[in-house]
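The model shown is predicted, which means the values in this text are computed figures rather than measured ones. Just so we're on the same page: letters track the sequence lines, and every chain starts at 1.
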2 protein chains.
Amino acid sequence: MTPRNKELNEKVKDERREQILSNSLRLFAKKGLAATKITDISKATGISQGLLYHYYKSKDEIFIELLREGYNKMIEAALGLESLPLTPLEKIKMAIEKLLQGFEENKDTAYYYLLINQASIFEAIPDEAKEIVKSRSLLHEVITRIITAGQKDGTFKNYDPKDMAVVFWTSLNGLAIYNAIQGEDFKPPDANILIGIFIED
Amino acid sequence: MTPRNKELNEKVKDERREQILSNSLRLFAKKGLAATKITDISKATGISQGLLYHYYKSKDEIFIELLREGYNKMIEAALGLESLPLTPLEKIKMAIEKLLQGFEENKDTAYYYLLINQASIFEAIPDEAKEIVKSRSLLHEVITRIITAGQKDGTFKNYDPKDMAVVFWTSLNGLAIYNAIQGEDFKPPDANILIGIFIED
DNA sequence: GTCTATATCCAGATAGAC
DNA sequence: GTCTATCTGGATATAGAC
């Protein structure tokens, strides 16, 4: 086998792994880890159940990889947002709008939220998954910093910034769930309603 | 067997059923329907696995009964709130405070939320459970009516009342989830933060 | 009513042929 | 790489003894 073919094969393998991940994300989000059968995933991907083990060594491994992926995306987005040359208010507005828009345009965004929720709430998930969700506090910290800055410059209300960050995240999480439940019927609420948490308008 | 004994036996049976329900609620909320094994429930209740089938004919039946119970409690609470002789603002304040307080004092309140979420999100739940969660819209309608009244009397902001009801419910739902995740560490955020969704303060 | 034993089924994972 | 066949374990539900 020439190096060229080797490279091509690797690419094909990666693509197949991508397909598996993508199908698993939807299934895990809509059925939950325990209720999603390995055959559900193989059927959705159009391969035999045995072949799936050629790409991943267990159902848990797929779940963990997706969870890690989801977390990384969120943390990157949060840190990216924080570093933009914007006022705190503009940052919060942008976060809310981007997320609501993301929910509407691409179901994957909301699916990742559902995965993280599962991993956070449920006890019966792999240890490695539990480890990943512990980093949740990082996201709270980013938002808390932005809120504190917004209070310093006088634009934000003066409640405990940690409380405000909790309300911020739990509200968006609640909306992600609502979006997943509504499916195609989802219509995002006016972003200004949520911004009322932070400022007088 | 005298009627007196019959009555007593019925009572004992009801109590045992109550214990099973109570343990199942916690387990279903924390592990999910699919990952909760019938032996988990019997162990928690301190009875043999076989005996459980004397009280309920399947795991699904227990789940459905709990779901129905949770819904009835919420709808009763919502309708009760609506009929109180209070202003719309007072009603909303009361709803938020009572719920946050309920989350803190009694984990069952949040567990019911988690059950309803599972039933709403997951596809792999019994048909009868799906039917129950369809009545969710009733709760939205009650809050929408209160919001509309608050807009008429000029105290509430003038966004689409349906959007505001969505934000209201999804926020509280998000907080219920957060509470369940935090467990004993849960400290409810200042209720006034949420009230900022509705009014200028 | 309560338990232990067991029938039945199904799912995760592996083995081996092509 | 891909499939079919199979092993193994575990979970639901039932049966039957006490």
Side-chain angles (χ1 to χ4, degrees), chain A residues 1-21 23-24 27-28 30-66 122-129, chain B residues 1-21 23-24 27-28 30-66 122-129:
Chain A
M1 196 188 283
T2 67
R4 175 138 202 116
N5 278 343
K6 209 173 175 182
E7 226 175 75
L8 188 67
N9 284 346
E10 278 300 311
K11 208 184 147 215
V12 170
K13 185 162 182 175
D14 279 355
E15 273 168 19
R16 183 56 66 84
R17 283 173 67 98
E18 272 306 312
Q19 286 170 15
I20 292 170
L21 281 180
N23 291 320
S24 302
L27 286 163
F28 285 147
K30 292 215 173 187
K31 303 182 72 162
L33 173 59
T36 301
K37 305 306 165 197
I38 216 86
T39 52
D40 293 333
I41 301 173
S42 62
K43 269 185 208 157
T45 315
I47 61 178
S48 75
Q49 173 254 36
L51 183 56
L52 202 140
Y53 287 91
H54 191 76
Y55 295 97
Y56 288 97
K57 70 175 194 297
S58 70
K59 193 170 76 164
D60 282 359
E61 198 191 28
I62 303 176
F63 186 80
I64 290 164
E65 183 149 337
L66 281 170
F122 291 157
E123 290 167 356
I125 62 150
D127 286 344
E128 219 174 325
Chain B
M1 196 189 279
T2 66
R4 176 138 201 120
N5 279 342
K6 211 174 174 182
E7 227 174 75
L8 189 69
N9 285 345
E10 278 301 309
K11 208 187 147 211
V12 169
K13 186 161 182 176
D14 279 355
E15 273 169 20
R16 184 56 66 79
R17 283 173 68 99
E18 271 308 309
Q19 285 170 17
I20 293 169
L21 280 180
N23 291 320
S24 301
L27 286 164
F28 285 147
K30 291 215 172 184
K31 305 182 71 165
L33 173 60
T36 300
K37 305 307 166 195
I38 217 88
T39 53
D40 294 331
I41 300 173
S42 61
K43 269 185 208 157
T45 314
I47 60 177
S48 76
Q49 174 255 35
L51 183 55
L52 203 139
Y53 288 91
H54 190 74
Y55 296 97
Y56 287 98
K57 69 175 198 296
S58 71
K59 194 170 74 164
D60 282 0
E61 197 192 28
I62 302 176
F63 187 80
I64 290 165
E65 183 151 335
L66 280 169
F122 292 157
E123 289 169 354
I125 61 152
D127 286 345
E128 220 175 322

Heavy atoms of other groups near A/Glu128 CD, more than 12 under 6.0 Å: no

Value rounded to 0.5 Å, distance of [atom1] in [X] from [atom2] in [Y]:
{"X": "B/Thr36", "Y": "A/Glu123", "atom1": "OG1", "atom2": "CD", "answer": "9.0 Å"}
{"X": "A/Thr45", "Y": "A/Asp40", "atom1": "OG1", "atom2": "CG", "answer": "10.0 Å"}
{"X": "A/Tyr53", "Y": "A/Glu61", "atom1": "OH", "atom2": "CD", "answer": "11.0 Å"}

Sugar-phosphate or base contact per nucleotide [nucleotides 7-14 of chain C; S, B, -; heavy atom under 4.0 Å]: ----SBBB

Sole residue of A/Leu52, A/Ile62, A/Ile38 in side chain to side chain contact (heavy atoms under 4.5 Å, CB included) with A/Ser24: A/Ile62

For nucleotides 7-9 of chain D, print each protein N/O atom paired with a nucleotide N/O atom at under 3.5 Å, atom names and distance only.
none

Measure the distance from [atom1] on [X] to [atom2] on [N] and round it to the nearest whole Å.
{"X": "B/Asp40", "N": "D/dG10", "atom1": "CG", "atom2": "P", "result": "14 Å"}
{"X": "A/His54", "N": "D/dT2", "atom1": "NE2", "atom2": "P", "result": "7 Å"}
{"X": "A/Ile20", "N": "D/dG1", "atom1": "CD1", "atom2": "P", "result": "12 Å"}
{"X": "B/Lys43", "N": "C/dC3", "atom1": "NZ", "atom2": "C1'", "result": "16 Å"}
{"X": "B/Leu51", "N": "D/dA13", "atom1": "CG", "atom2": "P", "result": "15 Å"}
{"X": "A/Gln19", "N": "D/dG1", "atom1": "CD", "atom2": "P", "result": "13 Å"}
{"X": "B/Ile62", "N": "D/dT12", "atom1": "CD1", "atom2": "P", "result": "10 Å"}

Min side-chain heavy-atom separation A/Arg16-A/His54 under 4.5 Å: no

side-chain N/O B/Arg16 vs C/dG1 OP1/OP2, d < 4.0 Å: no

Touch class at under 4.0 angstrom, heavy-atom based, for B/Tyr56 against every strand present: nothing

Parallel, tilted or perpendicular: rings of B/Phe122 and A/Phe122 (30°, 60°): tilted

Side-chain donor or acceptor of A/Lys37 paired with backbone N/O of A/Ala34 under 3.5 Å: yes

Side-chain donor/acceptor of B/Lys13 to backbone N/O of B/Tyr55, under 3.5 Å: no

